[in-house]
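Written out below as structure tokens is the structure these notes cover.
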2 protein chains.
Amino acid sequence: MQEQSFLQLRNAISRFLILEDSDWELLVPYIEEKHLSKHDVFAREGKIAIEIGFILDGDMRHYYTRDGIEKTTYFYFEGHFVCSYLSCVTQTPSELSIEAMTNCTLLVFPYSRMKQLFEVSHKWERFGRLIAEYLAIGLEQRMVGLLMLSPEERYIQLLEGNKQKIIERIPQHYISSYLGITPVSLSRIRQRLTNK
Amino acid sequence: MQEQSFLQLRNAISRFLILEDSDWELLVPYIEEKHLSKHDVFAREGKIAIEIGFILDGDMRHYYTRDGIEKTTYFYFEGHFVCSYLSCVTQTPSELSIEAMTNCTLLVFPYSRMKQLFEVSHKWERFGRLIAEYLAIGLEQRMVGLLMLSPEERYIQLLEGNKQKIIERIPQHYISSYLGITPVSLSRIRQRLTNK
DNA sequence: TCATTACGTTAACATAAGATAAGAAATTGG
DNA sequence: CCAATTTCTTATCTTATGTTAACGTAATGA
């Protein structure tokens, strides 16, 4: 059923712009399917990232390490693109690692191909712009949340999002670092909220 | 000296890509010089942003308002682009305001022209991508700092940046909200650091 | 299956930050 | 030049979070 999964990727891209068959054909030969087991890494700290992934099934997270402690700062779910963006764009060693939280099925293609497409195709260059804009908007909103909301408010906001069911299956110590607090503190917040 | 100031903008753009005269000529007719007095607003919350600015001289800040309280979340300095990016890109009302912290001289051009250039010129589309990538990278690093560093560490990091002299002339209650803390707390952190 | 590890909660204590207020110092505007 | 305002610091009190540790439960792997 490779055709079906490729179509999912094409649809995801089409949410950003109208993609003609001729555009699509420029990428297709470079796409591969990839399977990751739980805890497999997709990108590793210190390595220059070379791949862009598209999640067909499964959940992933990215994390930074400091003093041996992991801080999970982002989650990726089915239907989303995943890559160590900063490392790809700047071609410098990644400061973060990306790990499968569950068994995952991905479509992957090399960033180098994407870069070629930026050169040769105005349409793909536009895709690159729109993706970057999408990312920047998400990060801006995330940052504002961190600066303007309390940990409790951030947790409530997270629950109120449309990803409720997904959030519920993510271990809480990952969620706590996403919120910028400790697992203990998240546990207390949860207790406070249920006592209301 | 309009020629001189236009050249500054062209150089700033050229830091992202090689710009031919023919590319540059597509934008030039739409550029105007604009002067702002201290506390004048460049973009106002609730309004759809229509302009991109380039700071020739002066300092600006952008802030969000909540419960009547302003939180300054970003600063802009000489030689940088300034706009309510999210509002421009999505063409929805801005959630933030941008204000001149000092008297400022800007070059401005309409986002609508930029959008046209994205359509007609692969080169300008690339500029759009590179700007968005640059923004996303900055925001990612900002977010990581907020999640992984203590307020004190964030303040030290800010001072260690290459903007020291600029930081020193920004009122501390703006800096404190940039760091995600109160002015009182920043004052205490400063005291702690001088006692070392 | 069973031992081991990972996970979430709770408790106790220490600490840093928030809230509020007062006052000094600097800046601003008329 | 002076009054008014803004800015920064300091003090007090309160509170939420961090830290560490203990415990029970769930998940995992040999």
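So that the names make sense, note that chain A is the first sequence line, chain B the second, and so on, each numbered from 1. Note: hydrogens, waters and symmetry copies are ignored here, and every other heavy atom, side chains too, is used.
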Open item on the list: Just to be sure I understand the rule, does A/R190 reach a base, reach only the sugar-phosphate, or reach nothing, if contact means heavy atoms closer than 4.0 Å?
Closed with: sugar-phosphate
What nitrogen or oxygen pairs link the protein and nucleotides 28-30 of chain D at under 3.5 Å?
residue: D/dT28; atom: OP1; partner: A/K38; partner atom: NZ; Å: 2.8

Open item on the list: Quick check for you: name the first and last nucleotides of DNA chain C, 5' to 3', having an atom under 4.0 Å from a heavy atom of chain A.
Closed with: C/dC7 to C/dA12
Task: Contact under 4.0 Å: B/Q172 side-chain N or O vs D/dT9 OP1/OP2 - done: yes
- [ ] State, to the nearest 10°, the angle formed by the axis through the first five base pairs of the helix from C/dT1-D/dA30 to C/dG30-D/dC1 and the axis through its last five.
- [x] 60°
TODO: Round to a whole Å and report the spacing from CG of A/D67 to P of D/dG18.
DONE: 16 Å
Open item on the list: Students often mix this up, so state it plainly: with edges at 30° and 60°, are the rings of A/Y74 and A/H62 parallel, tilted or perpendicular?
Closed with: tilted
TODO: Measure from the side-chain N and O atoms of B/S177 to the backbone N and O of B/T72, and report whether any donor-acceptor pair falls under 3.5 Å.
DONE: yes
- [ ] Would you kindly give the CD1-to-P distance between B/I181 and D/dT9, to the nearest whole Å?
- [x] 12 Å
Task: Aromatic plane relationship, B/F81 with B/F127 - under 30° parallel, 30 to 60° tilted, over 60° perpendicular - done: perpendicular
Open item on the list: If you assign each of A/P183 and B/S185 to its closest nucleotide in DNA chain C, which residue comes earlier from the 5' end?
Closed with: A/P183
Open item on the list: Any side-chain N or O of A/T182 below 4.0 angstrom from OP1/OP2 of D/dT17?
Closed with: no
Task: side-chain N/O A/R192 vs D/dT15 OP1/OP2, d < 4.0 Å - done: no
Open item on the list: OP1 or OP2 of D/dT6 versus the side-chain N and O atoms of B/H173: is any pair under 4.0 Å?
Closed with: no
